[in-house]
Amino acid sequence: MDDEISSTTGEVKLQQGSAENQLDFMDPQNFTQDADTTKTFDLDDDDILDLAGGARDALARHRATSHPEPDTERLSPAGLESRTKLEDPAKKGGPDVEPVQTASKCRAPSALVELVYWRDLQRTGICFGASLFLLLSLSACSIVSVLAYISLALLSVTISFRIYKGIVQAVQKSEDGHPFKMYLEQDIAISSDVVHKYSELALGRFNTAVKELRRLFLVEDLVDSLKFAVLMWILTYIGALFNGLTLIIIAHVAVFTWPVVYEKHQVQIDHYYGLVNNQVKDVMAKIQAKIPGAKPKSE
């Protein structure tokens with residue numbers, strides 16, 4: 001019995017000793033700090049700034065490699081001045097440079113292009129058919145008769161529709177109002193800005209045509225005047241075969257058919273046009289060489 005009590009007491013003392021050793025081990029005051037280890041993992045402010053500066057330099061080198069900037073330091077003052085003039089047209093010594101027109105102003109209106117290229121078949125068909133019918137009517141009747149018949153046809157349609165809508169509103173007892181109210185309230189007046197714009201454009205074209213005719217009739221260039229004379233001679237034969245309205249009808253049909261044909265057979269047309277153009281240039285060069293006093297134009 002005494003032996004069991006002594007063994008039990010010894011086990012209790014061993015457990016208490018191991019518990020005290022664990023508590024001593026977990027106490028932070030019993031740790032001994034190594035000077036080298038502390039110096040290795042302790043970063044001061046200077047080390048952090050050095051790391052940030054290195055990262056910033058690496059980022060700057062990456063940006064310089066991806067998007068190189070012009071080396072302005074190596075350029076001489078003359079080079080810097082020339083580059084500044086190239087970048088700023090206002091600093092050039094020459095005349096003022098007009099701003100380049102946008103592509104939308106240089107090209108034909110997109111609506112007209114879509115119309116003649118038959119992009120919308122229904123819209124182009126209506127426009128082409130109505131205009132061709134008008135021209136054919138003018139060729140068969142006088143312009144007064146054509147205008148009168150067109151006005152009567154339009155009035156018959158609008159009056160009939162107006163009476164029909166009035167009867168429908170009376171039967172249904174609705175108050176929809178005038179059937180053409182939306183069109184009656186639209187502003188169809190032409191602004192003065194539009195008038196000035198197109199009048200100035202027409203005046204510029206007219207002045208250019210007058211100057212060109214004066215140059216041709218007063219024989220400023222003998223070759224150009226001879227070309228104009230040949231053209232007028234050809235037009236005498238065309239005028240004997242067709243009148244003006246017939247030529248307008250032919251031109252109208254050509255406007256709506258030639259763009260589509262050229263778009264489909266552009267390669268062949270350009271080839272034959274180049275051959276004919278070279279032949280004409282050779283003939284004109286021979287004629288121009290035989291005319292005394294005629295100087296070839298510098299291309």
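We count residues from 1, following the sequence as given.
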Of all residues at least two apart in sequence or in a different chain, which pass the side-chain hydrogen bond (donor to acceptor under 3.5 Å, both in side chains) check with D120? none
In short, side chain to side chain donor-acceptor pair (under 3.5 Å) pairs touching residues 145-170 with sequence neighbours left out are S142-S145, R162-H178
Any side-chain heavy-atom pair from W258 and I269 closer than 4.5 angstrom? yes
Judged by atom type as modelled, is there a donor-acceptor pair below 3.5 Å linking the side chain of N277 to the main-chain atoms of Y273? no
Give a yes or no on this: more than 12 heavy atoms of other residues, nucleotides or ligands lie within 6.0 Å of atom CD1 of I143. no
Can you pull out every side chain to side chain donor-acceptor pair (under 3.5 Å) where at least one residue sits in residues 228-253? Sequence neighbours excluded, please. S131-H252, N243-T246
With sequence neighbours excluded, what pairs up with R123 under the salt bridge (Lys or Arg N to Asp or Glu O under 4.0 Å) test? none
Would you say that more than 12 heavy atoms from the other residues, nucleotides or ligands in this model lie under 6.0 Å from the CZ of F133, or not? no
Do L226 and V230 come within less than 4.5 Å of each other through their side chains, counting heavy atoms only? no
For atom CG of L231, is the number of surrounding heavy atoms from other residues, nucleotides or ligands below 6.0 Å larger than 12? yes
With a 4.5 Å limit on heavy-atom distance, are the side chains of M284 and K227 in contact? yes
Cluster companions of Y272 among Ile, Leu, Val, Met, Phe, Trp, Tyr (side-chain spacing under 4.5 Å): L275
Cluster question for you: counting only ILVMFWY and a side-chain heavy-atom cut-off of under 4.5 Å, with indirect links fine, are V255 and F242 together? no
Is the side chain of S137 donor-acceptor paired with the backbone N or O of V146 at a distance under 3.5 Å, no angle test? no
Residue pairs passing the salt bridge (charged side-chain N to carboxylate O under 4.0 Å, His left out) test with at least one member in residues 194-212, sequence neighbours excluded, are E212-R215
